[in-house]
Every structure is written in C-alpha cells, then in structure tokens.
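Here the structure is laid out as structure tokens; the discussion comes afterwards.
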Amino acid sequence: MDRIRIVGGNQLNGVIPISGAKNAALPLMIASLMTSDTLTLENVPHLADVELLLRILGNHGVDVAVNGRREHQDGSYARTIHFTCRTIADTTAPYELVSKMRASFWVIGPLLAREGKARVSLPGGCAIGTRPVDLFIDGLRALGADMEIDAGYINATAPKGGLVGASYTFPKVSVGATHVMLMAASLANGTTVLHNAAREPEVVDLANCLNAMGAKITGAGTADITIEGVTSLSGARHRVLPDRIETGTYAMAVAMAGGDVTLSGTDATLLDTALESLRRAGAEITVVENGIRVIGHGDAIRPVDIVTDPFPGFPTDLQAQFMGLMTRSTGIAHVTETIFENRFMHVQELARLGARISLNGQTARIEGVRNLRGAPVMATDLRASVSLVIAGLAAEGETLVNRVYHLDRGFERLEEKLSRCGAIVERISD
Ligand code: UD1
C-alpha cells in the first residue's frame, strides 16, 4: 500500500496549478446519462473517484473517450472526456460500485428521469458520519416517484407519464440531493421549484452545464431554484470549474509552511470565507491574473475560530486543513463542525505530531504549539489525510502518511505539485 513521506521544514515557493473540481466533475459526468448525444467535459481531474465513476457509467451504457493529456507550460494537465450514452444499458447501480463512492448514488436522478426506473444500492463513501439518503427519497417522491427500499437497494419508479414537476423544500441543505433534484426535474413534466437548495459553486456548474444541454434552470447559486421540465436534452461542451477545496488546501499549506506560491487556474470568489479566515490568521492573499498569490510566514500564525457551514460559509471540506494550520498558532482557536457529526478523525493523528487538541461535542479547541514533530500517521478520510500532509510540511523531521489511497480520491498529483515548490514529499510504493 502506498505511503507518503514528508520531510518538513522547507518553505513552498513557485506555482501550483489547480485542477478541475472533483465535486463538480462527478455530477457533471453523471449528467451524461441524461442525453443520447455526446457530452464533452474539459478540465476533468485525474483522480481515483473519477476513474471509478467512469467504470460505473460504463456499466450503465456510457461510452467514454478520453482525449490525451495536454500538458501546459506551468505543468498543469487538462483532460477532456467525451461521454456518449446512446441507450441506458442497465438501470441498476450495484452495491460493489456504489459502496465505494457515495456520489455514484446520484445516478438515481438521471436513470429515473430518462428510463422511468432505477435500482440503486444505498451508498458508502468516507466514514465521516451517517450520511443518510432521506432527502433524496423525499425529494424524488415529491416529483411523483415511488421509492421503495429493498435488501439494501432503493427501487425508484416514475409514474407512467414520467416525473411531475412540484414545489419542494429541502428540510436540510444537501449538495447531493440538490444535484439529483436538478437532474430529475430537468426531464420532468412541468415546473419544479426547489427551496433551501444548496448554493455551492458545484451546483451552479451543474446547472450551467444542464442549461447548455437544453435544460431550463434559473436561480442556481441561490436557495430557490426553478426548473422548467423539457422533453429531452442534447449534447454540450462544458469546462469543469476549478477545485476550491484543492485551492484552499494549498493556500493553507503555504500559510503553515511559509513561502510564496501562486495558485494558478483558480478563482478566489469560490472560497471567500476560507480565504478571509486565512488572512485573519496572518497569510497575505492577493488576487492575481488567473489565480491567487499566497504569502505565508510559517510562524506567528494568529488563532482564528471557524464554524463550518453550507456555502457561502466555511467549507467542511477545508475544516481538517484549517485545524492543521491552527495547531501552530500563537494562541487558542476553536473549530466547530456543523455539517458532519464524525469529522474529527484527524484530531488524534494530528496529536501524534504534537498538536494539542481537545474535543467538546462538535467543537475542537486547539492550543497552538511552537513546533510539531514528524511521526507516522494514518489517513482516515479524504480531507483529513491532506491535513496530515500539510502539518507534516511544517513539522520537524519525517512524517509518514499511511493509507494514502484516501488522498488519491481527491488530490491530483499532490506530491508532484508540492515538490515542484520545494517541499520534500515523495510517494513510497511497497
Ligand atoms: C458533498 C461533497 C462533500 C462535502 C459535502 C458538504 C461531493 C461529491 N461531495 O457531499 O465533499 O463535504 O457536500 O459540503 O460533492 N444529509 C441528510 N440526508 C440526505 C443527504 C444528506 O441528512 O439525504 C446530510 C448529511 O448527512 C450531511 C448534510 O446533509 O450532514 C450535508 O450533506 P450533503 O451536502 O448531502 O453532502 P454530499 O452531497 O454527500
């Protein structure tokens, strides 16, 4: 099993190209199930989750053509992938595949809308909480679907004439349920109005792509979205938006290790709240052409309290990284997690590096220490694992991060991007 070895202490200097967003690429790829024409996606990141979804989509009948990688001068890649689903080959998404990645459950929307039925295994994914699917069930029921749970699967069936537009208020903000409702309602009869919808940029990206395919969606990016159903969608070409979580992660790495790095191909407006917290912690952040420049001093990190929230709040996917940064602040910081109830698995691993963190319910109290010391640590989930890498960059000596397959799910060429900027980071394959 691969491990990542980090020798801390080096500052980061240079350019880090930001990849296309995993969390946008996944729903966009799933949208290819909604048309018999070709959907072309540019800027698709090369990640384990994307590769798994390609396999899952293949099962459902999607033909995939990957255009060779194009290397830019700054070392970034941009993959263009063509997806064509002439006919749906199978409306079942089996446990073996769905249990590996929660987002693959989202095929339920397109399958139900296009074929009138879907049998989809209940999902798995990161072990960061119970992550139920009640909102998907309620929402699709509101569009007239019959939703039945049977032996670990959801059997979804649309009414005879197809799904029917409706008004639906999400009792809780959910990114995935918003994606699925956008897709399902796009091919429903009549108009759907969603209230308390997720406002994440990835929702806007999906809505833009669906509109390019002929859907009629307005209001994406606000809590109220209106979808006028259409009878069919066509192909389109769409560029996946930059990964705001990858952007924020590297910005925090620079703040922690010190240095001067330009994050290229990204957009500061995607992560205003997180960048503001970083500024308060002492990092210098400026918007430059096509990206963001981050100057970190590595020491004198000021303690800053954060509370995770749905967009535009502080993203839960950057919580672990920010906590990593706070382990070396000059005072006491509090990090409160409101989205997932079990997203503190990095706490005990950070403690192995010498961090002082205590937990009280959903709030962590982090007492900054002067120095972290490298140690062997275990990656527990996708975002937690990268917080250990960041902490390792600033720790004295060697840190070995085990179970890096978590990292490969969401960070493209992490060790290459960091080592180009002067970090000592390498992958060890046993
Ligand atoms: C997406 C992101 C993930 C991010 C999360 C929150 C992808 C592939 N993943 O996950 O990286 O951390 O948004 O920003 O885009 N919930 C229910 N019932 C449901 C669905 C969700 O109670 O039917 C709860 C969840 O347990 C969680 C909260 O709603 O507490 C938010 O989850 P949600 O926004 O749905 O997360 P995902 O879409 O799975």
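Numbering of ligands and ligand atoms starts at 1, following listing order. Just so it is clear, the structure is predicted and the values come from calculations on it, not from any experiment. Positions are given from 1 along the sequence.
- Residue contact annotation: Phe170 has no non-hydrogen atom under 4.0 Å from ligand 1.
- Paired with His238 under the rule side chain to side chain donor-acceptor pair (under 3.5 Å), one option of Asp205, Asn43, Thr40 passes, and it is Asp205.
- Under a 4.0 Å heavy-atom criterion, Arg343 is in contact with ligand 1.
- At a heavy-atom cutoff of 4.0 Å, ligand 1 is contacted by both the backbone and the side chain of Asp134.
- Counting only residues at least two apart or in different chains, ring pair (Phe, Tyr, Trp, His ring centres under 6.0 Å) contacts with residues 173-203 comprise Trp106-His179.
- Just one of His46, Glu412, Arg79 meets the side chain to side chain donor-acceptor pair (under 3.5 Å) condition when paired with Ser19; it is Glu412.
- Heavy atoms of Glu202 come nearer than 4.0 angstrom to ligand 1 in no pair at all.
- At least one heavy atom of Pro132 sits under 4.0 Å from some atom of ligand 1.
- Cation-pi geometry between Arg199 and Phe311 is not satisfied (NZ or CZ under 6.0 Å from the ring centre, within 45° of the ring normal).
- Within ligand 1, the atoms closer than 4.0 Å to a non-hydrogen atom of Phe136 are 20 (C), 23 (O), numbered from 1 in the order shown.
- Heavy atoms of Val173 approach ligand 1 to within less than 4.0 angstrom.
- The salt bridge (charged side-chain N to carboxylate O under 4.0 Å, His left out) search around Arg244 returns Glu202, not counting sequence neighbours.
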